[in-house]
Amino acid sequence: MTWRGYSIFGLLLIILGALMLAPATMSYFAGDGAAFGSFAICAMICVVTGGLLTLAQYRAKPRSETVAEFGTLLAFYLLAPFLAAAPISIVSPVLSYEAAYFEMVSTFTTTGATVFDRLDEVRPAIHLWRGLTAWMGGFVALVMAFALLAPRNLGGFEVRGDQGRSGAVGRLTGAPEWAGGRGSEASADRIAAAIGMVLPIYAALTFGLAVVLAALGLAPLNAAVAAMGVLSTSGVKATEESAFAVGGPAAEIVVVLFLVLAATRRTYGAAGQGALNWGLMRRDAELRILLIIALAATTWLFLRHWIGALELDDAGGFSVRALWGAFFTVISFATTTGYESAYWSDARAWSGLDNPSLILFGLVLIGGGIATTAGGVKLLRAYALFNHGVREMERLVRPSSIAGSGARKRGLRREGAQIAWIFVMLYLVALAAVMLTLSIFGLSFQEALAASIAALTNTGPVFTAVTEDGSWLTSLTPEARAVAAVGMVLGRVELLALIAMLNPDNWR
């Protein structure tokens with residue numbers, strides 16, 4: 001895929017090399033010569049490689065634009081981490097190159113599964129690099145959603161009611177609508193429009209959150225990495241304890257607000273709608289169902305703590321902390337970010353109960369909104385299936401009833417629910433395949449289930465949250481981590497997009 005004749009993958013490598021200068025500069029002023037040298041040299045190699053690739057593919061015309069677009073995405077998520085992992089492997093010689101590659105695939109796909117089990121002992125430059133790659137991966141995911149998936153009715157857009165009349169199966173390879181026409185020029189125009197729409201808001205929100213967190217007491221590096229982890233919903237952090245423990249409840253309240261913004265496409269707007277449209281956000285079905293899920297899960301977790309409480313001394317203070325800890329953790333996992341509240345462990349210690357594994361699994365499987373950096377099945381698909389279920393129950397009571405709400409709502413309940421159910425079935429098949437493969441490489445049932453869900457939903461922290469003492473480095477063999485890395489890429493690109501790319505009609 002090209003932009004004005006230049007290879008987009010080559011340009012991405014050049015940008016990746018430019019980003020390496022940030023940890024190199026920080027290491028230089030911090031007096032860390034080893035980190036400065038490794039990041040500076042790797043930055044030069046990355047820029048040269050990207051430049052040569054761009055020149056070699058100048059004005060190259062692919063046979064199929066669809067295959068070229070999704071092929072570029074796969075190359076970015078699978079090949080770019082090879083270069084991004086080089087400085088980490090050089091600076092941390094005890095870490096194998098395979099483990100460093102897994103770390104970079106995890107951040108590029110905004111999964112946040114880390115092989116570092118002692119974050120406090122990791123070099124600051126590596127923390128900054130993990131945050132930058134996660135932030136870049138989230139940005140690419142947003143541009144991909146608006147420029148590639150939305151015009152082809154993929155990535156969750158296929159269930160929208162206004163697209164329901166075109167048929168579910170036919171939309172798997174739908175023609176581009178945004179910016180009109182086919183071919184590389186139309187594709188480049190869509191990408192340029194998406195970058196212009198997403199980048200200013202994405203960068204401004206990240207910078208604003210970092211400033212607020214720093215003002216609330218977080219160290220500048222911790223604030224910057226946490227802000228990038230929130231807006232990219234990757235859950236990366238630079239400290240072993242809760243990422244926002246120093247800032248207290250005020251920091252977590254601010255983070256919840258930004259997590260909600262990161263979980264809806266309305267934050268970045270769409271063609272002709274503008275960005276941060278509060279009226280559209282209030283009417284957004286995805287935000288409503290996210291709020292319902294969050295309140296229901298928080299209520300159950302809160303009651304669960306009361307039911308299992310070992311003692312009721314200072315119950316008032318513990319109950320407030322347990323309520324907030326449950327709400328923050330639920331919102332974080334529902335958006336596939338994976339941060340735990342600083343009060344989450346206190347609430348569990350008070351009640352004496354184990355981790356609510358099934359609730360966390362359910363939250364990350366549902367996921368966040370379409371055209372966001374969140375993973376999972378997506379809220380709009382869940383909303384379509386819910387509406388279809390409500391309509392079917394209504395027909396059981398009143399068989400002759402006629403549903404209203406307009407053609408768009410009917411399309412969401414019918415064709416939208418049909419294609420959503422197809423996606424859910426494909427998702428479960430992929431989940432079973434990854435889980436069985438991980439079991440072959442020695443993982444127990446619980447570890448294989450947690451690792452496969454974490455990979456496909458792009459929520460790496462759910463593995464360590466459920467298995468507690470588990471680590472991506474010690475619990476998984478290199479072969480198992482390779483399978484998990486493929487699952488992360490599959491969860492980020494999505495199955496329907498791969499089906500569209502592999503459709504024989506696009507090969508001609």
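Starting from 1, each residue takes its place in the sequence as its number.
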Do the side chain of [X] and the main chain of [Y] share a donor and acceptor less than 3.5 angstrom apart?
X    : Y    : result
T233 : V230 : no
R130 : K237 : yes
R481 : L473 : yes
E252 : A250 : no
T372 : A374 : yes
Y339 : F333 : no
S332 : G338 : yes
T329 : A326 : no

Problem - Plane angle bin for F327 and W324 - parallel if under 30°, tilted between 30 and 60°, otherwise perpendicular - result: tilted
Problem - Residue that, paired with V140, satisfies side chain to side chain contact (heavy atoms under 4.5 Å, CB included) out of T110, V198, L73 - result: L73
Completion exercise
Between F361 and the options I366, T457, V462, T459, the side chain to side chain contact (heavy atoms under 4.5 Å, CB included) test singles out V462
Problem - salt bridge (Lys or Arg N to Asp or Glu O under 4.0 Å) assessment of K378 paired with E286 - result: CA-CA 9 Å; K378 305 295 187 184; E286 289 185 308; over 6 Å; no
Practice task
Output the distance between atom CG (L295) and atom OG1 (T299), rounded to the nearest 0.5 Å.
Solution key: 6.0 Å
Exercise for the section: Answer yes or no: is there an ion pair linking R152 with E494, defined by an N-O contact shorter than 4.0 Å? Expected result: no
Exercise for the section: Could you verify whether a donor N or O on one side chain and an acceptor N or O on the other, from T239 and N222, lie under 3.5 Å apart? Expected result: no
Minimal non-hydrogen separation, [X] against [Y], with atom names:
X    : Y    : answer
T437 : V483 : CG2-CG2, 3.6 Å
W472 : A484 : CZ3-CB, 4.2 Å
A450 : T467 : CB-CG2, 4.3 Å

Problem - Distance under 6.0 Å and angle within 45° of ring axis: R492 vs Y77 - result: no
Practice task
Tell me, yes or no, whether the heavy-atom count around R288 atom CZ, taken from other residues, nucleotides or ligands under 6.0 Å, exceeds 12.
Solution key: yes
Exercise for the section: Report, as yes or no, whether the 6.0 Å neighbourhood of atom CG on L358 holds more than 12 heavy atoms from other residues, nucleotides or ligands. Expected result: no
Handout entry: Check: F82 ring centre within less than 6.0 Å of Y101 ring centre
Key = yes
